[in-house]
Protein chains: 2
Amino acid sequence: LRKGIGDDCAVIKTSGSHDLVITADLLIEDIDFRLGWTTPEFIGHKALAVSLSDVSAMGANPVWALVSIGVPEKIWQGDFVEKFYKGWFRLARKFKIELAGGDISRTTDKIVVDSIVAGEVKKNRAILRSGAGIGDLIFVTGGLGGAAAGLKLLEKGLRYETATKSEKELLLKQLQPTRDFKNTFLGENKLATAMIDLSDGLSSDLGHLCESSGVGAKIFADRIPIHPKLLKISEFKTNALDLALNGGEDFELLFTIAPKNIKKLEKHFGKTVTCIGEITDKSAGLQLVNGDSIIKLKPKGFSHF
Amino acid sequence: LRKGIGDDCAVIKTSGSHDLVITADLLIEDIDFRLGWTTPEFIGHKALAVSLSDVSAMGANPVWALVSIGVPEKIWQGDFVEKFYKGWFRLARKFKIELAGGDISRTTDKIVVDSIVAGEVKKNRAILRSGAGIGDLIFVTGGLGGAAAGLKLLEKGLRYETATKSEKELLLKQLQPTRDFKNTFLGENKLATAMIDLSDGLSSDLGHLCESSGVGAKIFADRIPIHPKLLKISEFKTNALDLALNGGEDFELLFTIAPKNIKKLEKHFGKTVTCIGEITDKSAGLQLVNGDSIIKLKPKGFSHF
């Protein structure tokens, strides 16, 4: 075992040229999803996507997967399981993931899914949370806050079928998160010094990365890439920054790189990555620069228990 | 992928000298265990044991594991999770299994565990269910029916604390199944032509093995090794054979070997393995020889949905 509990994935030595990385993610009905808010296909997609995101956050290439699913008798009688796998396999085909196995069981009343995805990365090349150094630049992929905004729309009673085009885009960020889960450029080229995926929220996940690395961070509010559709819906205009900072489940990547590598990075990724700040000394803590003021950034994203 | 769904484990190629085998087993509260009937330590033990059993049924050496566990808030507040891991780690230490990771989540009301164990086996040496040939001898390890008898005692209201010594032994077969999960002799020496672990029950699991191998089987009632404690408790004397044939969760091994290898087998295992019959042509189906009569053996063990 190269790395056990405490990163996006475990990293396991093999007798071959590559390390194996593996992650497991539980999705529980009425905790992680509600049947009235989503579809079986979306649940199948998301179960795979959240684990693909973890594997790609190690700089690894996801290859195979297991799915364990427990459903109550009444759900078993219907077409839920079939549609769940339809959504799962649609995403799996896109990224050439093989379903190796899993378990299927009865439950007393709620649906439960455990999604396991494994990938490979060159020996000792997995990107951990713990490698960020002072002076490294902090980047994120994509736009942030979309998944949290989608959740707020669902909580308000909006459903996919009746949503506008902009609303649909935000709902899909929440219900069917997608990104290039097979981009191993950062890992193969040893570009990122540390990486984590944005599942709990930027403020929390930056906290995890900094704690693992034993460093602090300073990020700039006006550099945080807010999901463009947030600014098109009036109710989100006033709290867009809050959603981007503290909303969970964007499943984008947060990573750090040495300043000397910035050209290489931008050449490959173009404008799909954004520099939001830099790594500082641990004693400085997490700082958010907002206009003229510097405030202490508190992790306000999702916390497990 | 060398072998996907449809065996005790998936078998996955690696870039090294060994294949990876991996299995996942869901354990659901009030389906697979009841809190009033067992202890958190026993649940932790059993979660690992059932997956170790699957890995060893491939002739592979179990090496590392993941555990995903979901618990409701009230259970999280208590010491269940700590005691669960105590039982899990006690067994893990015995067989040198490393905990690589997993997930932990909240549920609305029931406990759910997904146990994942991976092992290694020399390239192309995994023992599948599908390799049995006509004339092969059928063996089982240990004694059968104990776990099913233990379950019957629990259903009757008996609890571990107040049980007699014989009853305790049967309860432990159900609550804390154990066997030599690291015996890779059959795999390394390519002795077994096919293998499966006895989780659903002998009649069902023999059916699975024969169906995968495209063969039939004839087994002898008087050769089936009944768990010795079954014959010490009056209520089980009349149905001991039924429990041994159709009771599940013994987690012993059922395997087939070519007759020429029987000496090698018995030299290694002595009386801990028992020949119960032989593989026949598919057209003969599954036969049970009981005294002078031959009856059709029907799978009556546990079936998933």
Side-chain angles (χ1 to χ4, degrees), chain A residues 1-18 20-32 50-51 54 63-64 66-73 76-77 81 98-110 112-116 118 120 123 304-305, chain B residues 1-18 20-32 50-51 54 63-64 66-73 76-77 81 98-110 112-116 118 120 123 304-305:
Chain A
L1 218 66
R2 292 196 201 280
K3 178 74 200 173
I5 292 156
D7 215 300
D8 292 285
C9 291
V11 185
I12 295 160
K13 288 183 224 177
T14 72
S15 58
S17 57
H18 286 68
L20 178 83
V21 305
I22 190 161
T23 183
D25 293 280
L26 278 172
L27 280 84
I28 311 277
E29 182 183 350
D30 290 342
I31 301 283
D32 299 293
V50 301
S51 300
D54 281 326
V63 181
W64 54 266
L66 309 174
V67 181
S68 291
I69 181 167
V71 296
E73 185 68 31
W76 180 255
Q77 302 298 342
V81 175
E98 274 197 283
L99 182 64
D103 195 11
I104 186 152
S105 175
R106 197 157 53 88
T107 63
T108 53
D109 61 340
K110 298 287 168 66
V112 48
V113 179
D114 195 26
S115 166
I116 295 109
E120 48 192 31
K123 220 181 258 295
H304 308 262
F305 280 105
Chain B
L1 218 64
R2 293 196 199 280
K3 177 75 201 174
I5 291 155
D7 216 299
D8 292 285
C9 292
V11 185
I12 295 159
K13 287 184 226 177
T14 73
S15 58
S17 55
H18 285 69
L20 178 83
V21 306
I22 191 162
T23 183
D25 293 281
L26 279 172
L27 278 84
I28 312 275
E29 182 184 349
D30 291 342
I31 301 284
D32 299 292
V50 301
S51 299
D54 280 326
V63 181
W64 54 266
L66 309 174
V67 181
S68 291
I69 180 166
V71 296
E73 186 68 31
W76 179 254
Q77 302 298 342
V81 175
E98 274 197 283
L99 182 64
D103 195 11
I104 186 152
S105 174
R106 198 156 52 88
T107 63
T108 52
D109 61 339
K110 297 288 168 67
V112 49
V113 178
D114 195 25
S115 167
I116 296 108
E120 46 192 33
K123 221 180 255 295
H304 308 262
F305 282 105

*What heavy-atom pair brings Ser17(B) and Ser15(A) nearest, and what distance separates the two atoms?*
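What the structure gives for the nearest pair is N-OG, 3.0 Å.
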*Which pair of heavy atoms, one from Leu1(A) and one from Ala100(B), lies closest together, and at what distance?*
CD1-CB, 3.7 Å
*Going through the distances and angles, do Thr108(A) and Lys110(B) end up as a side-chain hydrogen bond (donor to acceptor under 3.5 Å, both in side chains)?*
CA-CA 8 Å; Thr108(A) 53; Lys110(B) 297 288 168 67; 3.1 Å; yes
_Close approach to chain B in residues 20-29 of chain A, criterion heavy atom under 4.5 Å_ =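 Counting heavy atoms that sit under 4.5 Å from chain B, the residues of residues 20-29 of chain A involved are Leu20(A), Ile22(A), Ala24(A), Asp25(A), Leu26(A), Ile28(A), Glu29(A).
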_Top of Ala118(A), Gly16(A), Gly102(A) for chain B proximity - count of heavy-atom pairs under 4.5 angstrom_ = Gly16(A)
*asked:* For a 4.5 angstrom cut-off between non-hydrogen side-chain atoms, does Ser105(A) reach Asp32(B)?
replied: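 A side-chain contact exists here, since the closest heavy-atom pair is under 4.5 Å.
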*For the candidates Gly101(B), Ser68(B), Gly4(B), which exhibits the highest count of non-hydrogen atom pairs separated by less than 4.5 Å from chain A?*
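Winner by heavy-atom pair count: Ser68(B).
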*May I ask you to name which of Ile116(B), Asp7(B), Val63(B), Ile12(B) has the most heavy-atom pairs under 4.5 Å with chain A?*
Ile12(B)
_I'd like to check the side chain to side chain donor-acceptor pair (under 3.5 Å) partners of Asp8(A); sequence neighbours left out, ordered by chain and number._
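Arg129(A).
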